[in-house]
Trainee: 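For reference, the structure I am asking about is given below.
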Amino acid sequence: MFEDLAPGADADSAGADWAAQTVARLVDLDAAYLGLLRRQDELRQQQNQTSAAMKSVGSLPKDQQAAERARLIEQGKQLRTDERSLVDQTEAALRARDEAWARVPNLTHAETPRGRTDDDHRELRRVGTPRDFAAEGFTPRDHLAVAESLDLVDFEAGARVAGQKFYYLKHEAVLLDLALQHFALGVAARHGFALHTTPDLAREEILRGLGFQPRGESSQIYSVADSDLCLVGTAEITLGGMLADAILEEEQLPLLLAGLSHCFRTEAGSAGQESKGLYRVHQFTKVELFAFTTPEQSETMHARLLAIEEEIFQALKIPYRVLDIASGDLGGPAFRKFDLEAWMPGRGAHGEITSTSNCTDYQARRLRIRYRPGGDGKPKPRHVHMLNGTAVATSRALVAILENYQQQDGTVAVPEVLQPLVGKPVIGPRRRA
RNA sequence: GGAGGAGUGGCCGAGCGGUCUAAGGCAGCGGACUUGAAAUCCGCCGUGUCCGCAAGGGCACCGAGGGUUCGAAUCCCUCCUCCUCCGCCA
């Protein structure tokens with residue numbers, strides 16, 4: 001059903017055509033539903049009139065009352081039968097319309113680069129200068145080698161207890177992980193975000209509202225057997241879901257939330273160099289920024305979220321670049337997405353460390369989150385815009401720190417802003433017990 | 001985990017088969033009175049959706065979903081949430 005609503009491989013050339021067909025299909029489905037809805041409402045009006053008529057039967061002459069009652073009951077029965085079959089049709093039509101709608105991704109920002117490959121992202125800028133390891137006289141190792149030599153991470157035990165791509169952080173890595181969380185939460189609070197810790201599980205319905213696909217074949221989401229709960233892949237889900245069905249006042253916007261949660265991802269089908277060590281794991285901890293705004297505010301807010309992400313990694317003194325993500329890589333909900341990619345000397349390439357998306361009203365429509373515009377008269381509620389951004393994902397940040405702060409003697413310097421919580425300026429060398 | 005109780009408009013709260021077009025109160029908005037304010041009085045005061053240029057009208061919503069009935073906020077079933085007590089536990 002509706003295969004024609006999914007773009008094919010040559011979507012860029014066929015894009016306009018596909019869009020026109022999709023719109024036509026949606027219009028047809030909508031008209032079909034509304035036609036049935038109108039008939040259903042008329043039928044219900046008759047039902048209401050019939051039961052109202054029953055009330056006045058008592059004012060008829062006694063000898064006519066029984067006959068009139070019987071007539072109305074018979075009529076009511078008939079109407080009920082008709083109404084039920086019409087309701088089934090109406091519900092089916094509504095489902096067809098909504099399913100078609102759910103498959104339509106968000107619109108795309110005019111400036112978003114078009115394309116489907118990593119080469120199609122637009123690099124907006126580079127900030128910070130990568131260290132010249134050759135000049136320092138040594139070859140940088142990847143974070144896993146650094147971490148293992150300092151006994152900071154144990155993947156073997158993680159595999160034994162929970163499976164591959166699970167891990168234990170050890171020693172100063174634990175403190176680094178916590179220091180990153182604390183630092184990011186501090187920055188978020190200073191920018192006016194209300195701090196939250198969130199549930200690490202959420203109902204499927206909420207996941208769907210945020211545009212995630214909880215139980216698909218290649219789902220990134222762990223689900224809990226015999227329940228409708230899933231492990232969250234990001235606090236975006238729990239923060240966004242907090243206000244489902246709410247109608248906010250315009251003065252409350254923009255509403256800024258920060259959430260600390262564990263994040264769980266199945267990482268189905270990913271492997272290779274990119275997934276080595278802490279870069280791609282099943283569980284990590286993340287501080288997430290979330291914003292509810294008016295439609296007019298969302299673009300400015302998106303820039304603000306990006307600026308906060310940059311502030312954090314500038315404070316950590318990690319070189320990075322900013323990408324304007326290409327249309328084919330946006331996913332369903334995002335209207336525009338910026339990624340920060342840190343320079344990772346161990347692999348000699350950039351790697352994603354944060355991502356911020358403007359989802360405009362895509363999630364708000366599914367979660368029914370609206371606001372009442374101020375002003376005179378009785379303005380109808382409008383959908384809010386919803387945006388999210390990573391303040392810090394600790395596992396990825398650890399990769400960047402270990403690789404950028406490694407020293408020739410095998411130790412790792414601690415970023416200055418984290419030193420108060422880690423309690424020392426340098427990690428290692430360690431004497432193995 | 002066990003046993004009870006409860007979910008009604010922004011909030012409190014009545015209603016427990018047809019008079020619900022959901023009482024009453026609080027908050028809010030407009031007005032009268034007042035130099036101004038308070039107090040008092042009068043009026044307004046949910047959401048969604050459909051038809052309509054509009055005025056206006058229809059339909060739905062009393063935690064969610066099913067059911068019984070000519071007719072359900074009201075009766076029955078399932079689920080969700082909250083409260084109380086017991087047990088267990090960080």
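All chains are named by letter (A, B, ...) in the order of the sequence lines, taking the proteins before the strands, and each is independently numbered beginning at 1. All heavy atoms count here, side chains included; hydrogens, waters and symmetry mates do not.
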Trainee: What is the distance from atom CZ of A:Arg372 to atom CZ of A:Arg370, rounded to the nearest 0.5 Å?
Mentor: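 Interatomic distance, A:Arg372 CZ to A:Arg370 CZ, rounded to 0.5 Å: 8.5 Å.
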Trainee: Between B:rU47, B:rC51, B:rC70, spot the one nearest the side chain of A:Arg80, thanks.
Mentor: B:rC70
Trainee: Are any of A:Arg372's side-chain N or O atoms less than 4.0 Å away from OP1 or OP2 of B:rU47?
Mentor: yes
Trainee: How many Å lie between CG on A:Leu86 and P on B:rA60, as a whole number?
Mentor: 13 Å
Trainee: If you assign each of A:Gln75 and A:Gln46 to its closest nucleotide in RNA chain B, which residue comes earlier from the 5' end?
Mentor: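 That would be A:Gln46.
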Trainee: Whether A:Arg38 contacts B:rC50 is assessed here as follows: a side-chain N or O lying under 4.0 Å from the phosphate OP1 or OP2. Is that the case?
Mentor: no
Trainee: What is the separation between atom CZ on A:Arg44 and atom P on B:rC70, rounded to the nearest whole Å?
Mentor: 18 Å
Trainee: Heavy atoms, side chains only, cut-off 4.5 Å: are A:Leu278 and A:Phe155 in contact?
Mentor: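 A side-chain contact exists here, since the closest heavy-atom pair is under 4.5 Å.
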Trainee: Between B:rG87 and B:rC77, how far is it from one C1' atom to the other, in whole Å?
Mentor: 30 Å
Trainee: Between A:Arg208 and A:Glu204, does any NZ, NE, NH1 or NH2 come within less than 4.0 Å of an OD or OE carboxylate oxygen?
Mentor: yes
Trainee: Compare side-chain N and O positions of A:Asn48 against OP1 and OP2 of B:rG58 and report whether any pair is under 4.0 Å apart.
Mentor: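 The answer is no; no side-chain N or O of A:Asn48 sits under 4.0 Å from OP1 or OP2.
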Trainee: Measuring from the side chain of A:Ser51 (C-beta onward, heavy atoms only), which nucleotide among B:rU47, B:rG71, B:rU69 has the closest atom?
Mentor: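 Nearest to the side chain of A:Ser51 among the choices is B:rG71.
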Trainee: Nearest to the A:Asp41 side chain among B:rC70, B:rU47, B:rC59, which nucleotide is it?
Mentor: B:rC59
Trainee: Using the side chain to side chain contact (heavy atoms under 4.5 Å, CB included) definition, which of the options A:Val232, A:Leu229, A:Thr266 pairs with A:Tyr222?
Mentor: A:Thr266
Trainee: What would the secondary structure line of RNA chain B be in dot-bracket form, counting Watson-Crick and G-U wobble pairs under 3.5 Å, with [ ] for pairs that cross earlier ones and | for pairs with another strand?
Mentor: ((((((((.[[[..)..(.....]]].(((((.......))))).((((((....)))))).[[[[[..)....]]]]])))))))....
Trainee: Mind checking the C1' distance from B:rG36 to B:rG46? Whole angstroms is fine.
Mentor: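 The answer is 35 Å between these two C1' atoms.
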Trainee: Without decimals, in angstroms, what is the distance between A:Gln78 CD and B:rC70 P?
Mentor: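 Answer to the nearest Å: 13 Å.
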Trainee: Charged N to carboxylate O below 4.0 Å: is that the case for A:Arg116 and A:Asp329?
Mentor: no
Trainee: Do A:Arg190 and A:Glu311 sit within salt-bridge range, that is, some charged N less than 4.0 Å from a carboxylate O?
Mentor: yes
Trainee: Under 4.0 Å from OP1 or OP2 of B:rU69: is there any side-chain N or O of A:Arg69 that close?
Mentor: no
Trainee: Closer than 4.0 Å, any side-chain N/O of A:Arg370 to the OP1 or OP2 of B:rG48?
Mentor: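 True: A:Arg370 side-chain N/O within range (under 4.0 Å) of B:rG48 OP1/OP2.
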Trainee: Nearest heavy-atom pair of A:Leu418 and A:Leu176: which atoms, and what distance?
Mentor: CD1-CD2, 3.9 Å
Trainee: Roughly how many Å apart are B:rG17 and B:rA72, using the P atom of each and rounding to a whole number?
Mentor: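 About 14 Å, rounded to a whole number of Å.
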Trainee: Distance check, C1' atoms only: B:rU19 and B:rG67, in whole angstrom units.
Mentor: 27 Å
Trainee: Find which nucleotide of RNA chain B each of A:Ala52 and A:Gln45 is nearest to by heavy atoms, and output the residue with the more 5' nucleotide.
Mentor: A:Ala52
Trainee: Can you check the distance between B:rA38 and B:rG30, where both ends of the measurement are the P atom (answer in whole Å)?
Mentor: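 The answer is 12 Å between these two P atoms.
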Trainee: Expressed as a whole number of angstroms, how long is the span from A:Ile369:CD1 to B:rU47:C1'?
Mentor: 16 Å
Trainee: Which one, B:rC80, B:rU49, B:rC59, comes nearest to the side chain of A:Leu37?
Mentor: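 Taking heavy atoms from C-beta onward, the closest nucleotide is B:rU49.
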Trainee: Could you state the atom-to-atom distance from CZ of A:Arg368 to C1' of B:rG63 in whole Å?
Mentor: 14 Å
Trainee: With rounding to whole Å, what would you report as the distance between B:rC85 and B:rG10 at their P atoms?
Mentor: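 My reading of the P atoms in B:rC85 and B:rG10 gives 31 Å.
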Trainee: Provide, to the nearest angstrom, the distance between the CD atom belonging to A:Gln49 and the C1' atom belonging to B:rG71.
Mentor: 14 Å
Trainee: In whole Å, what separates the P atom of B:rG24 from that of B:rC45?
Mentor: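 Looking at atom P only, B:rG24 and B:rC45 are 13 Å apart.
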Trainee: Considering only the P atoms, how many Å lie between B:rG25 and B:rU40, rounded to the nearest integer?
Mentor: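 Nearest-Å result for B:rG25 against B:rU40 at atom P: 13 Å.
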Trainee: Taking the side chain as every heavy atom from C-beta outward, state whether A:Thr108 and A:Arg336 have any pair of such atoms under 4.5 Å apart.
Mentor: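 Result no, sub-4.5 Å side-chain heavy-atom pair not found.
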Trainee: Between A:Arg160 and A:Glu156, is there a side-chain N and carboxylate O pair less than 4.0 Å apart?
Mentor: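 Yes, charged N to carboxylate O under 4.0 Å.
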Trainee: Quick one: A:Arg39 CZ to B:rC50 P, roughly how many Å, whole number?
Mentor: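 So the CZ-P distance, A:Arg39 to B:rC50, works out to 18 Å.
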Trainee: Rounding to a whole Å, what distance do you find between A:Asp245:CG and B:rG10:C1'?
Mentor: 16 Å
